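Okay, so here's the structure we're looking at.
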Amino acid sequence: MSSSFAPHERTPRGVVVEDRLAPAALADLRRRGHVVTLEEAFTLGQVCAVSRDVYGRMRAAADSRGLGEAAGR
């Protein structure tokens, strides 16, 4: 895991997740050797994504926690 902000500190095998992640998923991450850091629910970054499939069709999604919207042309 690398920080988005300078000085871009790194935590090898580190992962930051919201505490609402399923306990089994947390246990699996730890079992695989990840250093898991928990943050409060709905506090981590928002995600928006757009992709195009092999037929040229676009798909888009926006994180419901933010004010963004999925759009494409």
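Everything numeric in this text was worked out from a predicted model, so none of it was measured.
Summarising the hydrophobic clusters (Ile, Leu, Val, Met, Phe, Trp, Tyr; side-chain heavy atoms under 4.5 Å, direct or chained), the residues clustered with Y55 are V54. Grouping Ile, Leu, Val, Met, Phe, Trp and Tyr residues whose side-chain heavy atoms lie under 4.5 Å apart, directly or via other members, leaves V35 alone, with no other cluster members.
The environment of R30 atom CZ is dense: over 12 non-hydrogen atoms of other residues, nucleotides or ligands sit within 6.0 angstrom.
In terms of modelled atom types and a separation under 3.5 Å, the side chain of E18 and the main chain of L44 share a donor-acceptor contact.
Between atom OG1 of residue T43 and atom CG of residue D19 there is a gap of 7.5 Å, rounded to the nearest 0.5 Å.
Considering only heavy atoms from C-beta on, T37 stays 4.5 Å or farther from T11 through its side chain.
A single hydrophobic cluster is seen to contain both V36 and L21, as judged by linkage of ILVMFWY side chains at heavy-atom distances under 4.5 Å, directly or through other members.
Shortest non-hydrogen contact noted between R13 and G33 is NE-O, 3.0 Å.
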